[in-house]
Amino acid sequence: MKYRVRAGESEFEIEIDKEGGIRIDDEAVDADLQQSFDPSLYSLIYGHRSYELRVESVEGGYRAQVHGVTYDVVVEDERTRLLARVKAAVGAQTGETIIKSPMPGIVIDIPVKVGDTVEAGQTLVVVESMKMHNEFSAPRAGTVKAIRVERGAKVLQNTILVTLA
């Protein structure tokens, strides 16, 4: 799995393969990260040096402290970046807008019905994929023209979920 990480002004890509190998910006590294009994405290061994890392979840990412220095960190996995690109592409459209599922999953909620007037950002459909709930929102204000799925339906990648007019 690949992750895009921003820590302060720095940005880099971390890839963790199925065997646990780690690459940072395409360079193999020897690293080990273990969580302690305190869920916010980690032990990191990187470059043959040991670090104590305190990490807390904050809105928009994490706050990490190493050797008394605090970093605001944002981590995006491949799926999060894909969803952001899909949302940006859909949001750029005008006229009729088609909302598609970017991944396979199961429709768990449809809080709107045909004919509803919706605001930008309002949730249209919720799809569960890989045990995560993914809310698909209206990229702009409009009217729900068609709902192409129903609650409990299995959807494939690129299945049309909702059409806005």
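Note that the structure is a prediction, hence the values are computed from the model and not measured.
A distance of 12.5 Å separates CG in L53 from OH in Y62, rounded to the nearest 0.5 Å. Rounded to the nearest 0.5 Å, atoms OG1 (T117) and CD (Q122) are 9.0 Å apart. Considering CD1 of I14 and CG of D77, their distance stands at 12.5 Å, rounded to 0.5 Å.
Not counting sequence neighbours, the partners of D109 by the salt bridge (Lys or Arg N to Asp or Glu O under 4.0 Å) test are R151.
Residues Y3 and I16 meet the side-chain proximity criterion, which asks for heavy atoms closer than 4.5 Å. Side-chain contact between Y46 and L44: present, with at least one pair of heavy atoms (C-beta onward) separated by less than 4.5 Å. The side-chain heavy atoms of T163 and V144, taken from C-beta on, include no pair separated by under 4.5 Å.
In summary, of the residues considered (R63, E56, Q65, R54), a side chain to side chain donor-acceptor pair (under 3.5 Å) with S40 occurs for R54 alone. If you run salt bridge (charged side-chain N to carboxylate O under 4.0 Å, His left out) between R4 and each of E13, E78, E15, E76, only E13 comes through. Only one option out of I147, I110, V118 pairs with L124 in a side-chain contact (heavy atoms from CB on, under 4.5 Å); it is V118.
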(message) Determine whether T159 and R148 satisfy the following criterion, side chain to side chain donor-acceptor pair (under 3.5 Å), listing intermediate values before the conclusion.
(response) CA-CA 9 Å; T159 298; R148 310 266 181 185; over 6 Å; no
(request) Take S43 and Q34, measure what side chain to side chain donor-acceptor pair (under 3.5 Å) needs, and give me the verdict at the end. (result) CA-CA 5 Å; S43 171; Q34 298 293 321; over 6 Å; no
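Taking a cutoff of 4.0 Å between a charged side-chain nitrogen and a carboxylate oxygen, R23 and D17 do not qualify as a salt bridge.
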